[in-house]
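Heads up, the thing below is written out as structure tokens.
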Amino acid sequence: MELWLLNHVPTAVLALLVVGGTVLLAVAGSVLAMRWYPAMADGENNEMVGVVLGMFGAIYGIILAFVIVNLWTDLQDAGRVVSSEASAVSQIVRDAECFPPGPRDAVQAAVGGYVHAVVQDQWPLMRAGDGDSAVTTRSVDAMYQALAGYEPQSNAEQAFYAKALDSLNDVAAYRRTRIADSRDQLPALLQVLIFGGAAVIMLVTLLYGVRSRRARLLFVGSVAALVGFSLLLVLVLDRPFSGDLDVSPQPFKDSALARFW
């Protein structure tokens, strides 16, 4: 459900659903609470509710901040892995320019097959949270075979061949990390803590008594908007290769790899 929402619903609409829905539920809950328990408006329990809300809010805020910062860092790291992988693939193309026409064409054909497999075949699976490594296994093997089938003769060819092989080893390592990143998500217990904690904060907020109905709804709605926006951030950052804030495959189409498109 989470992946479907991220991949099929624009972030602006998702923000309206999550934040607006949270505010609407909180306001509706506040109205119902005052209708069923009108005595709460006197604020007899405000001191206790304030202490509990402050304590829960502090603990929940620290946990939420840690989760959001960690998810944002993971998103940036995933982007750097993609850029590094694409740079390593580009380096193979540049190093192969020093090879004779036959081996050079074989290496470039293998590289072209790899970047197309990554962007056209593997990326949609990664957006769906299933970055199957088998999709690009043959393409990686083809690049290794293209290099293994060439024996450099001159010193310059040997130097560029060694660099190309090192770059290919880097590609294999970055590819494994990229696929692993596409499968990562918050552990179930942490998801329960984040979303369950939000529900607890909102329920405690409803117990705070204010005689003015307008002031009460403004108070409840403001807290709900802040909580809803925080939950939205957790939702859109949890999957680095899904949604509008996803890591783009554009690096595989730039620089020396542009020739393959």
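- The existence of a salt bridge linking R178 and E85 is confirmed by a sub-4.0 Å separation between a basic side-chain nitrogen and an acidic carboxylate oxygen.
- A continuous path of ILVMFWY side-chain contacts below 4.5 Å connects L245 to L231, so both sit in one hydrophobic cluster.
- Across every non-hydrogen atom of S83 and P251, the tightest pair is OG-CG, 4.1 Å.
- Taking CD of E97 as the start and CZ of R104 as the end, the distance is 6.0 Å to the nearest 0.5 Å.
- Note on F229 and V69: separate hydrophobic clusters, where clusters join Ile, Leu, Val, Met, Phe, Trp and Tyr whose side-chain heavy atoms are under 4.5 Å apart, directly or indirectly.
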Please tabulate, for the side chains in residues 14-26, all donor-acceptor contacts under 3.5 angstrom to protein atoms that are two or more places apart in sequence or on a different chain.
residue	atom	partner	partner atom	Å
T22	OG1	V18	O	2.6

Verdict with reasoning, L165 to F160, per side chain to side chain contact (heavy atoms under 4.5 Å, CB included):
CA-CA 9 Å; L165 188 57; F160 281 103; over 6 Å; no

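- Of the residues N70, L64, L71, the one that meets the side chain to side chain contact (heavy atoms under 4.5 Å, CB included) test with I68 is L64.
- Under a 3.5 Å cut-off, the side chain of D244 and the backbone N or O of T11 do form a donor-acceptor pair.
- With rounding to the nearest 0.5 angstrom, the CD atom of Q145 is 11.0 Å from the CZ atom of R138.
- Between K163 and D166 there is no salt bridge, since no side-chain nitrogen of the basic residue lies less than 4.0 Å from a carboxylate oxygen of the acidic one.
- Not a single donor-acceptor pair under 3.5 Å links the side chain of T136 to the backbone N or O of S139.
- Y144 and N169 share a donor-acceptor pair across their side chains, judged by distance under 3.5 Å alone.
- Side-chain contact check for V192 versus L189: every heavy-atom pair is 4.5 Å or farther apart.
- M55 has its side chain out of reach of V204: every pair of non-hydrogen atoms, C-beta onward, lies at least 4.5 Å apart.
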Practice prompt. Run the numbers on D170 and Y174 for side chain to side chain contact (heavy atoms under 4.5 Å, CB included), then give the verdict.
Written response: CA-CA 6 Å; D170 290 339; Y174 288 131; 3.9 Å; yes

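- In this structure, CG on L186 lies 10.0 Å from CG on L235, to the nearest 0.5 angstrom.
- A heavy-atom distance below 4.5 Å is not found between the side chains of P249 and V118.
- The shortest distance between side-chain heavy atoms of P100 and P103 falls below 4.5 Å.
- In the hydrophobic clustering of ILVMFWY residues, with side-chain heavy atoms under 4.5 Å counting as a link, V81 and V119 come out apart.
- One distance of note links CD1 of I194 with CG of D238; it measures 10.5 Å at 0.5 Å rounding.
- Here the straight-line distance linking atom CG of L257 with atom CD of Q250 works out to 10.5 Å at 0.5 Å rounding.
- Under the 4.5 Å side-chain heavy-atom criterion for Ile, Leu, Val, Met, Phe, Trp and Tyr, L226 and L233 are members of distinct hydrophobic clusters.
- The pair R239-D246 does not count as a salt bridge, with every side-chain nitrogen at least 4.0 angstrom from each carboxylate oxygen.
- When all heavy atoms are compared, the tightest approach of A198 to V227 is CB-CG1, 3.5 Å.
- Taking both residues in full, the closest heavy atoms of V107 and A96 are given as CG1-CB, 3.8 Å, listed atom of the first, atom of the second, then distance.
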- Are R94 and S167 close enough, and set up right, to give a side chain to side chain contact (heavy atoms under 4.5 Å, CB included), and what steps lead you there? CA-CA 11 Å; R94 293 190 176 95; S167 296; over 6 Å; no

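- With E151 contributing its side chain and G149 its backbone, the two residues share no donor-acceptor pair below 3.5 Å.
- The distance from atom OG of S182 to atom CZ of F241, rounded to the nearest 0.5 Å, is 6.0 Å.
- Residues satisfying the ring pair (Phe, Tyr, Trp, His ring centres under 6.0 Å) test with F252, not counting sequence neighbours, are none.
- Between A78 and V247, the shortest heavy-atom distance links the atoms CB-CG2, 4.0 Å.
- Atom CZ of R183 has more than 12 heavy atoms from other residues, nucleotides or ligands within 6.0 Å.
- Remark: the backbone N or O of A173 is paired with a side-chain donor or acceptor of T177 at under 3.5 angstrom.
- Listed by first then second residue, pairs satisfying ring-ring contact (aromatic ring centres under 6.0 Å, His included) with a partner in residues 95-115 read F99-Y150, not counting sequence neighbours.
- Counting heavy-atom neighbours within 6.0 Å of W261 CH2, excluding the residue itself, gives a total above 12.
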Task: Working for side chain to side chain contact (heavy atoms under 4.5 Å, CB included), residues F260 and V111 - done: CA-CA 9 Å; F260 302 114; V111 170; 3.8 Å; yes

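- Side chains of R259 and Q108 form a contact here, defined as non-hydrogen atoms less than 4.5 Å apart.
- Following chains of ILVMFWY side-chain contacts shorter than 4.5 Å, one can reach F195 starting from L6, so the two form part of one hydrophobic cluster.
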